[in-house]
Structures are given as structure tokens and as C-alpha cells.
A.B. asks: 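Before we start, here is the structure in question, set down as C-alpha cells.
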Amino acid sequence: MNTEMDNLHNADGENNSNESTKNDLNTESYKTNESNNQEESNEITLKDYDTFSFDVLIDEAKNLLSKHDVQDIREHFNQIRDAFKNKLEKEEAEKKKAFLEDGGNEIDFRYETSYREKFNVVYNDYKNQLSIHHKQNEKKEDENLAERLAIIDELKSLYQEQNDSSSSMFKKFRELKTRWHNAGRIPAKNAENIFKNYFFHLDNFYTYLDMNKELQTLDYAHNLEVRYSIIKRAEELINEPNVQKALNELQYLHRLWKEEAVPVQEDLREPTWLHFKELTNKIHDRKGELNEKIKQEQKDNLEKKNEIISKIKSINESVANKSHSEWQKAITEINTLRENFIGLGRVPKDKNAETWDAFKKETREFNHIKNDFYKSLKSDQQINLEKKTALLEIAKQHAESTDWNNSVAVIKKIQNDWKNIGHVPRKNSDKIWKEFKETCNKFFDRYKKRHEQDNEKLEQNFEQKTSFLDKFKAAQISEDKDQALKELQSFKSEWNTLGKVPSDKLAINQEFNSLYNSKISDLNLSKAELNDYELQSLVNKVKANGNSSMLDDEIRKTRKNIEELEKDINQLDNNVNFFSNANKDSPLLRDVFKQIDEKRKKLTEEEIKLKTLFNIDLND
């Protein structure tokens with residue numbers, strides 16, 4: 001009959017050797033914990049991210065990052081990133097298509113979206129956290145290495161120095177074994193030497209233990225307790241619903257038996273081992289359940305692969321008379337189906353060759369039909385080349401034109417015609433497109449520069465405004481309010497006559513307005529005086545302009561402001577009416593009543609303004 005230690009490794013499918021034990025300890029001593037972590041990770045549901053909007057994708061990424069460990073969400077983040085990228089590319093293509101269809105020039109197209117920046121913030125946060133996680137793991141492994149080295153030194157001194165009593169020595173020995181068991185992974189480069197060193201001194205201690213009966217008795221008792229706890233857990237694993245988890249933890253229990261439950265007193269060694277072995281066999285008998293599950297998964301994979309083969313066959317039957325764009329779509333679809341097929345797991349062994357041959361047959365058929373199509377396409381591409389050459393000649397005729405309105409219409413039309421013609425032979429494609437684009441760009445560059453004289457005028461206006469602003473800064477305004485208002489109004493009126501400035505220099509207007517408002521503020525006008533002044537300034541401006549359209553614009557804007565204020569007031573009143581016994585002293589409604597009062601004051605000001613505008617006589 002085999003001994004306990006002879007059978008120990010065979011029971012859980014491991015090699016019976018110290019070297020195997022030492023190697024396994026570093027690589028799998030926390031396999032149970034890893035298994036549990038994996039189960040927790042699997043509980044994070046993978047979703048159909050391709051159907052999500054930009055906002056939902058960003059929120060989903062934020063939610064994952066805030067609720068789960070970064071190492072558990074790698075697959076989710078990769079899928080969200082790919083879905084986000086695909087959605088961006090699709091939206092960009094759609095917007096570009098619409099831009100070109102509206103007559104836009106391809107080189108002028110720009111695609112901007114705030115979603116890209118928002119997602120990058122979340123994704124960069126994820127990458128930073130992942131980097132921190134890896135660094136923490138490295139740091140932890142170094143700490144574990146230091147801990148294991150310390151344990152080895154303490155174990156060595158324990159049997160070499162022998163300064164403690166037997167009970168104290170035994171307590172320290174058990175603590176060292178527990179510390180060693182709980183110490184985590186260490187850098188792989190150090191693992192082999194560290195474990196060899198540990199087991200060398202562990203063997204030496206057991207040799208010493210054999211010579212000390214008191215210590216041996218204590219060790220036997222402790223190890224027996226560990227055996228009973230292992231046996232109890234093995235009994236529970238018989239009913240564990242997750243078969244793979246039970247098998248993984250059983251392997252861990254066997255390692256624990258070797259590390260913590262050996263040796264025990266001789267009359268209990270075989271009974272406890274046989275009990276544990278019996279439980280081990282019962283758990284291994286459950287592999288049948290796992291095999292049935294694998295069989296079902298392989299059966300499902302077979303159905304999915306046959307479905308993919310049928311889809312490819314259906315595409316082969318429908319692509320014969322497709323256009324180039326439809327062929328490109330079919331090629332993309334076939335590539336996706338091919339990737340899905342390869343990504344699926346195994347099928348039943350007796351169906352593997354048959355399924356693979358059917359897949360290769362249909363994909364080869366698709367490639368054969370595709371090649372025939374593109375051979376026939378070459379003659380069509382030659383005709384397209386002739387059409388595009390004719391459009392290039394038209395573009396050259398208009399490249400130096402100054403008949404702007406006519407030539408703009410012609411260039412835009414031939415650009416649209418070019419887009420609809422289709423492909424030309426590849427050897428001519430880049431060359432003719434480059435020449436056509438450069439010719440069109442040459443015209444549009446000239447078209448854009450037609451306003452250079454206007455730009456010169458804008459620069460002159462800027463210089464005048466710069467000089468005038470310096471004059472305004474140095475001006476001494478009268479201390480009399482009425483006179484000061486007249487002087488300031490004069491400055492503003494003159495400023496408005498100086499005209500527009502280049503778009504990149506509009507800040508000068510803000511500088512003037514800030515200075516103007518500062519000088520108005522220095523007059524310490526009341527709210528009513530300031531309103532009267534601003535209204536009178538508007539009246540003077542309208543009269544000075546003498547243009548009825550300007551007056552009409554001001555009346556229209558004022559009416560719109562009145563309508564919006566009335567709407568806001570009514571809405572706020574309705575909100576207040578939802579509350580019973582609403583009054584201005586209510587802390588909850590205090591801000592609402594304040595808003596209503598402010599808007600009613602503003603409404604009164606706008607009504608006065610409208611009445612004043614109606615009374616303006618431009619002939620006066």
C-alpha cells in the first residue's frame with residue numbers, strides 16, 4: 001500500500017517531488033484568491049457598447065473606474081474605447097459627406113467634438129490608475145521578497161542558536177510557517193533560489209525536531225488541527241456549485257496539507273490521509289459535470305460557426321452584381337465574420353475538420369467572386385479616368401478666372417461630379433487626384449485673397465482705433481455729471497465711426513468698452529440715472545444714424561426681450577403656485593421670489609425703452 005506522502009501529489013494530479021512543490025508555491029499559492037478575483041471580475045457584465053451614445057459610453061467608463069479595481073476592468077475599457085473610436089469615425093465620415101454634398105472643399109473640412117476630450121480624460125485616468133497598480137505590484141513583490149528573506153534568516157537561527165524553550169521555539173516555528181504561507185509573490189528572477197533556501201532550512205529544522213520529543217509532540221498536535229480544518233473544507237467543496245472553483249481550491253488544500261499538516265503522530269497519519277483522499281476522489285468525480293459543460297459549450301460554438309458559414313454563403317450568393325461601395329461593405333462584413341469565427345472556441349472533435357473545411361470553402365468562393373468583379377472593374381476605371389481628365393481640363397480653364405461667381409459655381413460642380421465618377425486605375429489615381437486638387441486649390445486661394453483690400457482697410461481702422469484709445473485713456477473727463485456724460489458719449493460715437501478691425505484684433509474693442517464702463521462707473525450714477533443715460537445714448541445713436549432699419553431692429557430686439565421676460569415670470573409664478581401657503585419668507589422660495597422681482601424690474605425698463613423707441617422721429 002502506498003504511503004500518505006506517496007499518494008499526496010497523485011491525488012490532485014501533481015508530480016510527487018520537492019522541486020515541484022517549491023516551484024508551485026510561488027506561482028500558485030494564491031490561486032484560490034486569484035480564482036475568487038476572477039469570479040468577481042466576471043460579475044462585471046459586458047454590455048453591447050456599440051449601441052451606446054457618446055454620453056453613455058463616457059458615463060459607463062466613469063462608473064467602472066469608480067466602482068471596480070482597475071485590473072478587473074481592462075476588457076471592458078478596451079471594448080468601450082473601440083466602440084467610442086468606431087462611433088467617432090462613423091460620425092466624422094457622415095459629417096464630411098454632408099459637408100462635401102453641400103459644396104464644401106475637402107481641405108476645409110474640420111471635425112471637432114467635445115466628446116473626444118471628455119473621453120480622453122477618463123481613459124487617461126484609467127491608464128494612470130493601471131500604471132499605479134503595476135507599480136504597486138512591483139513594490140509589493142519587493143516587500144514580499146524582503147519578508148521571505150527575513151523568515152529564512154529567522155528559521156535558520158531558530159534551530160542553530162536554540163536559545164528558547166521548546167514551547168517558545170515551537171510557537172516561533174509555527175509563526176514563521178504561517179508568515180511564509182501568507183507572504184505573497186516575489187520577483188520571478190529570485191523565486192527559485194529563495195524557495196530552495198527556505199526548504200533547505202525547513203528540512204534542517206525538521207531534522208532537529210526529530211531529536212526533540214517535546215517539540216515534535218507540539219508540532220504533531222498543531223498539524224492534526226490543520227488536517228481536520230482541511231478535511232472540513234474538502235467536505236464543503238463536494239457540494240460547491242462551481243466545479244472548476246472546487247477543483248482549484250482542492251489543489252490549494254493539497255498544497256496546504258503539504259505545507260501545514262505534515263507530519264502528525266503515526267497512528268493518525270493514515271486514517272486522516274485516507275479520509276482526505278476519499279474526499280479528493282469525490283471532488284474529482286465531479287469533473288464529469290465540468291466535461292458536460294465543456295461539451296455544451298463546444299456544441300454552442302459549432303452552432304455559431306455553422307451560422308457564420310451560412311452568412312458567408314448568403315453573401316456569396318448576393319454580391320455578384322454589387323457596386324464597388326457595396327463590395328467594400330461586403331469585404332468588411334466578411335472580415336468581421338472571419339474574425340468572429342476564429343475567435344470562437346473549440347467545437348466537438350469529430351466536427352472540427354468538417355467545420356473548418358466548410359469555412360475555408362465559402363471564404364475561398366467569396367475571394368474568387370471578388371477577384372472576378374475587380375477584373376471587370378478595370379475597364380470601367382479606364383472610362384472613369386477619361387471623365388476625370390475632362391474635369392481636370394475644366395478646372396484648369398477656371399484656375400486663373402476673375403469671374404468669381406460663375407467660376408465658384410463651376411469649380412464646386414466639377415468637384416461634386418468628380419466625387420460621383422468612381423475609381424480610376426490605381427497607377428493613375430494619386431497623380432490625377434493631386435493635380436485636380438492643386439488646380440482647384442489654386443482657384444480658391446485666389447478667391448480667398450480677393451478681400452485683401454478689405455483687410456488693408458481693417459488694419460487701417462485698427463491703427464486709428466489704437467491711436468484713439470490712447471487719446472481716450474489720457475482724456476480728463478469733466479467732474480460735472482451731465483457734461484461728463486456728453487463727453488463720454490462723444491468718445492463712444494467717434495469710436496463707432498472708426499469701423500471694423502481684423503478678427504484676430506477684436507480685443508481692442510473690449511479694451512475700449514472696459515475703459516468706457518470704468519469711466520462711467522467713476523461718475524457714481526444711480527441705477528435710474530444709468531438707465532436713462534443708456535436709453536438716451538441709444539436714442540441719439542438711432543437718430544444720428546437716420547436709418548429706419550436700425551430703429552426697427554432695436555424695436556424687434558426689445559419686443560423679444562419683453563416676451564422672454566414675461567414668459568420667465570409666468571413660469572416662475574407657476575412654479576410658486578405648486579407650493580401651498582407660498583410666501584416670500586419661505587427659505588425654499590426666497591430665491592424664486594427674488595428672481596421674479598428682478599425680472600419684473602427689468603421688464604419695466606424694457607417697456608419704457610420700447611415706448612421711447614416708438615416715439616423717435618427720424619425726421620426731427
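Since the structure is predicted, the reported quantities are computational estimates derived from the model, not experimental observations.
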A.B. asks: Hey, does Arg148 have a side-chain heavy atom less than 4.5 Å from the side chain of Arg179?
C.D. replies: no
A.B. asks: Centroid separation under 6.0 Å, is that true for the rings of Phe195 and Trp180?
C.D. replies: yes
A.B. asks: Do Glu266 and Arg269 pass the salt bridge (Lys or Arg N to Asp or Glu O under 4.0 Å) test, and can you show the C-alpha distance, the side-chain angles, and the key distance before you say yes or no?
C.D. replies: CA-CA 5 Å; Glu266 188 171 354; Arg269 290 177 188 176; 5.3 Å; no
A.B. asks: State, to 0.1 Å, how close Leu279 and Ile231 come at their nearest heavy-atom pair, and which atoms those are.
C.D. replies: CD1-O, 3.5 Å
A.B. asks: Taking Lys140's backbone N and O only, do any of them form a donor-acceptor pair with Asn144's side chain (distance below 3.5 Å, no angle check)?
C.D. replies: yes
A.B. asks: Do Phe366 and Trp327 have ring centroids that are under 6.0 Å from one another?
C.D. replies: yes
A.B. asks: Against Tyr111, only a single residue in Glu91, Glu89, Lys95, Arg116 fulfils side-chain hydrogen bond (donor to acceptor under 3.5 Å, both in side chains); can you say which?
C.D. replies: Glu91
A.B. asks: Is it true that, when you exclude Glu303 itself, more than 12 heavy atoms of the residues, nucleotides or ligands shown sit nearer than 6.0 Å to its CD?
C.D. replies: yes
A.B. asks: Mind checking whether Phe119 and Phe54 have side chains closer than 4.5 Å, heavy atoms only?
C.D. replies: no
A.B. asks: What I want to find out is whether Lys196 reaches Glu192 closely enough, with some N-O distance under 4.0 Å, to be called a salt bridge.
C.D. replies: yes
A.B. asks: Please check this pair: side chain of Asn124 against backbone of Asn120, looking for a donor-acceptor N/O pair closer than 3.5 Å.
C.D. replies: yes
A.B. asks: Are the side chains of Gln129 and His133 in touch, meaning some heavy atoms are under 4.5 Å apart?
C.D. replies: no
A.B. asks: For the residue pair Leu65 and Val122, what are the closest heavy atoms and their distance?
C.D. replies: CD2-O, 4.0 Å
A.B. asks: Run the salt-bridge test on Arg233 and Glu236 with the 4.0 Å N-O cut-off and return the result as yes or no.
C.D. replies: yes
A.B. asks: Does NZ or CZ of Lys305 come closer than 6.0 Å to the centre of the six-membered ring of Phe341, within 45° of the ring's axis?
C.D. replies: yes
A.B. asks: Check the side chains of Asn242 and Gln244 for a donor-acceptor pair under 3.5 angstrom, ignoring hydrogens and angles.
C.D. replies: no
A.B. asks: Anything under 30° is parallel, anything over 60° is perpendicular, the rest tilted; go ahead and classify His181 against Tyr252.
C.D. replies: tilted
A.B. asks: Is there a side-chain contact between Phe276 and Arg227 (heavy atoms, below 4.5 Å)?
C.D. replies: no
A.B. asks: Specify the closest pair of heavy atoms between Pro348 and Leu302, including all atoms of both residues, with the distance to one decimal.
C.D. replies: CD-CB, 4.1 Å
A.B. asks: Looking at side-chain heavy atoms only, is the closest gap between His222 and Val226 below 4.5 Å?
C.D. replies: yes
A.B. asks: If only atom types and distance count, is the side chain of Ser66 paired as donor or acceptor with the main-chain N or O of Lys62 below 3.5 Å?
C.D. replies: yes
A.B. asks: Side-chain contact test, heavy atoms from C-beta onward, threshold under 4.5 Å: evaluate it for Asp55 versus Tyr115 and give yes or no.
C.D. replies: yes
